[in-house]
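First the structure, in the form of structure tokens, and then the observations on it.
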Amino acid sequence: MSVKILAIESSCDETSASVLVDGKILSNFIANQTIHEQYGGVVPELASRAHQENIVPVVDQALKVAGIRKDELNAIAFTQAPGLIGSLLVGSCFAKSMALALDVPLIAVHHMQAHVLANFIGEEKPSFPFLCLTVSGGHTQIVRCDSPLQMKVIGETLDDAAGEAFDKSAKLLGLPYPGGPLIDKYAREGNPDRFKFPEPQIPGLNFSFSGLKTSILYFLQEQQQKDPQFAENNMADICASIQHRIVSILMNKLVKASKETGIKEIGIAGGVSANSGLRNALQQYGEKYGWKTYIPKFEYCTDNAAMIAMTAWYKYQAGEFVGLDAVPGARAGFEH
């Protein structure tokens, strides 16, 4: 008998539903929330309300495209943590209600574990052990994976995440939210070596981006005192230089992690893994150091339910189910 799983992702400002059958993704729908653009960031209360509006049509569409009826489902999966607590509650309550009504098991998924397992969607899957650089707006981690359900964080940011460094730098440049993709867009036309920003000297495999953000702030303030149009007139080169430094910080730690562990199966994941500079760098470093590299498709980089479904597939096989008393968490440790 084939196993059919419906997965729901609602950790931040995307409402997503996906249907998986026997380890293959049949549908993956995402409803984005544009209301936050006018505020320059995600407003939690508005995000929760938008999830409530979106979740029924998104789930309905995912089932229709997959050609699966509700009564055919074998399990319902949802994102348990981390994320905005109101947003997580919408997804978890919907999943619990549906699992109860259909009398099928419930699977709770850790959002960051799911980002790593986005690399397992598709035909070419990493071999174990596997290192994954997971980079998003709220997280920057190097994760060692010994199996789909056995992972350990071996390095992480001590302050800002790389995604925050992109978005906050964009804000300093007067670019609208979300600014990370705009920096990537301008960077393609610019000279990455024109402006030099410092690389933090953090011991071990941990990261720090707060000092870089401050140095960018002081640099722009100093230049704009001399020329108020400095940012506008040099946007491509500034963005290219910022992106070059953020990517080099990430890649230098990944090289160190590979050398220390001896692992050469290397992937990236998370929203920032959609960045063209990081994707290109991983391929270049892979050729240089003899790595076998993995990069998820764009649609599986940002928050999406397909990665939740893929994680749920492995959890279903292992019999890792939760009861209706499972509680979502805004922050949660990540050791599996």
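Note that these values count all heavy atoms, side chains included, but never hydrogens, waters or copies made by symmetry.
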Out of curiosity, does [Y] fall in the hydrophobic cluster containing [X] (side-chain heavy atoms, cut-off under 4.5 Å, transitive links)?
X: Val322; Y: Val90; result: yes
X: Leu217; Y: Ile183; result: yes
X: Leu133; Y: Phe128; result: no
X: Ile121; Y: Phe130; result: yes
X: Val143; Y: Trp291; result: no

Give the intermediate values and the outcome of side chain to side chain contact (heavy atoms under 4.5 Å, CB included) for residues Ser18 and Ile308.
CA-CA 8 Å; Ser18 175; Ile308 305 300; over 6 Å; no
Salt-bridge present (Lys171, Asp167; N to O < 4.0 Å):
no
Is it true that Lys24 and Asp22 make a salt bridge, defined as a side-chain N closer than 4.0 Å to a carboxylate O?
no
Any luck finding a side-chain donor-acceptor pair between [X] and [Y] under 3.5 Å?
X: Gln243; Y: Asn275; result: yes
X: Asn252; Y: Glu199; result: yes
X: Ser210; Y: Asp160; result: no
X: Thr311; Y: Gln113; result: no
X: Tyr314; Y: Glu320; result: no
X: Asp159; Y: Ser208; result: yes

So how far is it from [X] [atom1] to [Y] [atom2], rounded to the nearest 0.5 Å?
X: Leu117; Y: Lys125; atom1: CG; atom2: NZ; answer: 11.0 Å
X: Arg245; Y: Phe197; atom1: CZ; atom2: CZ; answer: 9.5 Å
X: Ile266; Y: Met251; atom1: CD1; atom2: CE; answer: 8.5 Å
X: Leu131; Y: Glu265; atom1: CG; atom2: CD; answer: 9.5 Å
X: Thr293; Y: Leu254; atom1: OG1; atom2: CG; answer: 10.5 Å
X: Ile85; Y: Ser11; atom1: CD1; atom2: OG; answer: 11.5 Å

[X] [atom1]: over 12 foreign heavy atoms closer than 6.0 Å:
X: Gln221; atom1: CD; value: yes
X: Glu189; atom1: CD; value: no
X: Asp193; atom1: CG; value: yes

Got a donor-acceptor contact below 3.5 angstrom from the [X] side chain to the [Y] backbone?
X: Lys168; Y: Lys213; answer: no
X: Lys96; Y: Ala326; answer: yes
X: Glu164; Y: Ala161; answer: yes
X: Ser27; Y: Ala62; answer: yes

Minimum side-chain heavy-atom gap [X]-[Y] below 4.5 Å:
X: Leu182; Y: Asp184; answer: no
X: Met310; Y: Met307; answer: no
X: His110; Y: Gln80; answer: no
X: Ile8; Y: Val59; answer: yes
X: Val272; Y: Thr134; answer: no
X: Met98; Y: Lys70; answer: yes
X: His244; Y: Ser241; answer: no
X: Arg69; Y: Leu63; answer: no

For [X] against [Y], the heavy-atom pair lying closest together:
X: Ile154; Y: Thr261; result: CD1-CG2, 4.2 Å
X: Pro200; Y: Ile249; result: CD-CD1, 3.5 Å
X: Lys253; Y: Asn206; result: CE-O, 2.9 Å
X: Asn191; Y: Asp237; result: N-OD1, 2.7 Å
X: Leu282; Y: Tyr294; result: CD2-O, 3.7 Å
X: Ile246; Y: Ala162; result: CG2-CB, 4.2 Å

For His115 and His111, take the angle between the two ring planes, folded into 0 to 90°, and tell me which bin it lands in: parallel under 30, tilted 30 to 60, perpendicular over 60.
perpendicular
Is the gap between the ring centers of [X] and [Y] under 6.0 Å?
X: Tyr186; Y: Phe166; value: no
X: Phe94; Y: Phe78; value: no
X: Phe219; Y: Phe230; value: yes

I would like to know whether Ser258 and Lys256 meet side chain to side chain donor-acceptor pair (under 3.5 Å); could you show each step before the answer?
CA-CA 5 Å; Ser258 175; Lys256 189 173 185 182; over 6 Å; no
Steps toward side chain to side chain contact (heavy atoms under 4.5 Å, CB included) verdict (Thr79, Ser10)
CA-CA 7 Å; Thr79 304; Ser10 67; 5.6 Å; no
Decide side chain to side chain contact (heavy atoms under 4.5 Å, CB included) for Phe207 and Thr140; before the verdict, give the C-alpha distance in whole Å, the side-chain angles of both, and the deciding distance to 0.1 Å.
CA-CA 8 Å; Phe207 302 88; Thr140 302; 3.8 Å; yes
Evaluate Ile268 against Val135 for side chain to side chain contact (heavy atoms under 4.5 Å, CB included), listing each step before the verdict.
CA-CA 7 Å; Ile268 55 176; Val135 199; 5.8 Å; no
Examine Arg279 relative to Phe298 and say whether NZ or CZ is less than 6.0 Å from the centre of the six-membered ring and inside a 45° cone about the ring axis.
yes
